[in-house]
Amino acid sequence: FFTTAGRVYRLKCYEVPEGSRTSKGMNIVNLLPLTGDEKVSAMIHTQEFDEESYLCMVTRQGVIKRTRLSAYANARKSGLIAIDLDEGDELAWVQRTDGYQKLLVATKDGMAICFDENDARVVGRTARGVKAIALSEGDRVVGMELYDPDRLLLTVTETGYGRLNGFEDYRIQSRGGKGLINYHTGEYGPVAAVRAVTPEEDL
C-alpha cells in the first residue's frame with residue numbers, strides 16, 4: 001500500500017479480514033499504522049518481488065520516480081519510505097511496469113503528456129524522482145495511466161463533462177515538457193480524473 005505521505009506498507013492478503021459482498025469492510029487504519037493526514041493512494045498486488053518489474057510513481061506536483069519492484073521486498077507492516085517528497089507534494093499514483101511501457105500523465109488544467117518509461121531512469125527506494133510534466137502555476141496532476149492501444153482514455157471534468165478517445169491521439173514526447181492540450185477546461189471545467197477503460201465497462 002502506498003500513501004500520500006510517500007510511504008509504503010506491506011500486508012499479506014490473508015491479514016485482511018474476509019467479508020461478504022454486502023459487508024462494509026474494515027477501515028485501513030485498523031490494518032496499517034498510518035499517521036496524521038496520511039491516506040492510502042495506491043495498492044499493488046504481487047506474489048514476488050522480481051528484478052524485471054518496476055514501480056512508476058507520480059506525485060500531484062508532476063514528479064515521476066521509477067524503481068525496481070525488488071527494492072520494496074523488505075517493506076513491512078510498519079512502513080518504509082517509498083519516495084522523497086517535496087514540501088506540499090503527495091504521492092498519488094503507482095503503476096507496475098515491465099520496462100517497456102509508455103505512461104500518460106494528465107493535469108487539472110487540461111494538459112497531458114505521454115512518454116516512454118525509460119525516460120525516467122531507475123533510482124533507489126528513498127530517492128526523489130524527476131519531472132514528468134512541466135506544470136503551469138496552480139496546475140496539478142489528476143491522473144496517470146499506462147498507454148494501451150486496446151483501451152480508450154476517459155477524461156472527466158469537475159462539472160460533469162466527459163470524453164473518450166484513443167491513446168493514439170497522444171504522440172510520444174520527451175519527459176518533462178508541457179505536453180499537449182487534452183481538454184478545453186475554460187469551456188467545460190477543470191479535469192477531475194482520467195482513466196483507461198474499455199467499451200464493455202460501466203462507470
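In this chain, numbering begins with 1 at the start of the sequence shown.
- Listed by first then second residue, pairs satisfying ring-ring contact (aromatic ring centres under 6.0 Å, His included) with a partner in residues 148-185 read Tyr147-Phe167, Tyr161-Tyr188, Tyr183-Tyr188, not counting sequence neighbours.
- Formation of a donor-acceptor pair under 3.5 Å by the Asp84 side chain with backbone atoms of Ala127 is not found in this model.
- Side-chain atoms of Asp89 come within 3.5 Å of backbone atoms of Arg60 as a donor-acceptor pair (strictly under, hydrogens ignored).
- Annotation for Glu15: atom CD counts as buried by contact number, over 12 foreign heavy atoms lying within 6.0 Å.
- Residues Ile172 and Ile133 do not share a hydrophobic cluster, clusters being chains of Ile/Leu/Val/Met/Phe/Trp/Tyr side chains in contact below 4.5 Å.
- Tracing side-chain contacts under 4.5 Å through hydrophobic residues (I, L, V, M, F, W, Y), one never reaches Ile83 starting from Tyr9; they form parts of separate clusters.
- Of the possible polar contacts, one joining the Arg68 side chain to the Glu51 backbone as a donor-acceptor pair under 3.5 Å is found.
- In the hydrophobic clustering of this structure, Val8 groups with Leu69; members are Ile, Leu, Val, Met, Phe, Trp, Tyr whose side-chain heavy atoms approach within less than 4.5 Å, directly or through other members.
- In this structure, the side chains of Thr157 and Thr185 stay at 4.5 Å or more apart for every pair of heavy atoms.
- The structure places CG of Asp169 at 9.5 Å from CG of Leu152, a figure rounded to the nearest 0.5 Å.
- Of the possible polar contacts, one joining the Glu117 side chain to the Gln101 backbone as a donor-acceptor pair under 3.5 Å is found.
- Side-chain contact between Leu103 and Leu146 is present, with heavy atoms from C-beta onward closer than 4.5 Å.
- Under the 4.5 Å side-chain criterion, counting only non-hydrogen atoms from C-beta, Leu31 is in contact with Pro17.
- Annotation: cation-pi pair Arg175/Phe115 absent, no NZ/CZ under 6.0 Å from the ring centroid and within 45° of its normal.
- In this structure, the side chains of Thr4 and Asp37 stay at 4.5 Å or more apart for every pair of heavy atoms.
- Using a 4.5 Å heavy-atom threshold, the side chains of Met144 and Met57 count as separate.
- Within 6.0 Å of CZ in Arg195 there are 12 or fewer heavy atoms belonging to other residues, nucleotides or ligands.
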Kindly determine whether Arg121 and Val123 satisfy side-chain contact (heavy atoms from CB on, under 4.5 Å), including the steps that lead there.
CA-CA 6 Å; Arg121 66 183 180 88; Val123 296; 3.7 Å; yes
Verdict with reasoning, Ile81 to Arg125, per side-chain contact (heavy atoms from CB on, under 4.5 Å):
CA-CA 7 Å; Ile81 294 172; Arg125 180 179 61 79; 3.9 Å; yes
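- At distances below 3.5 Å, not a single donor-acceptor pair connects side-chain atoms of Asn182 with backbone N or O atoms of Ala112.
- Put simply, the residue from Asp119, Thr97, Asn118 that forms a side chain to side chain donor-acceptor pair (under 3.5 Å) with Arg66 is Asn118.
- With a 4.5 Å cut-off on side-chain heavy atoms, Arg140 and Glu90 do not count as touching.
- Interatomic distance, Leu135 CG to Asp109 CG, rounded to the nearest 0.5 Å: 8.5 Å.
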Might you work through the side-chain contact (heavy atoms from CB on, under 4.5 Å) test for Met26 and Val16, ending with a clear yes or no?
CA-CA 8 Å; Met26 177 179 286; Val16 181; over 6 Å; no
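- Neither Leu55 nor Met43 shares a network with the other; the hydrophobic side chains, linked directly or stepwise wherever heavy atoms of I, L, V, M, F, W or Y lie under 4.5 Å apart, form separate groups for each.
- Two residues are said to be in side-chain contact when any heavy atoms from C-beta on lie closer than 4.5 Å; Thr67 and Lys65 meet this criterion.
- With a 6.0 Å radius and a threshold of 12 heavy atoms from other residues, nucleotides or ligands, Leu164 has its CG atom above the threshold.
- A single hydrophobic cluster is seen to contain both Leu91 and Tyr72, as judged by linkage of ILVMFWY side chains at heavy-atom distances under 4.5 Å, directly or through other members.
- For Glu87, the side chain to side chain contact (heavy atoms under 4.5 Å, CB included) test picks out no residue, with sequence neighbours left out.
- Under 3.5 Å, the side chains of Asn74 and Arg10 contain no donor-acceptor pair of N or O atoms.
- Taking the side chain as every heavy atom from C-beta outward, Lys39 and Ile28 never approach each other to under 4.5 Å.
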Decide side-chain contact (heavy atoms from CB on, under 4.5 Å) for Leu203 and Leu154; before the verdict, give the C-alpha distance in whole Å, the side-chain angles of both, and the deciding distance to 0.1 Å.
CA-CA 10 Å; Leu203 298 168; Leu154 171 69; 3.2 Å; yes
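- Between Arg96 and Asp50 a salt bridge is recorded (basic side-chain N to carboxylate O distance below 4.0 Å).
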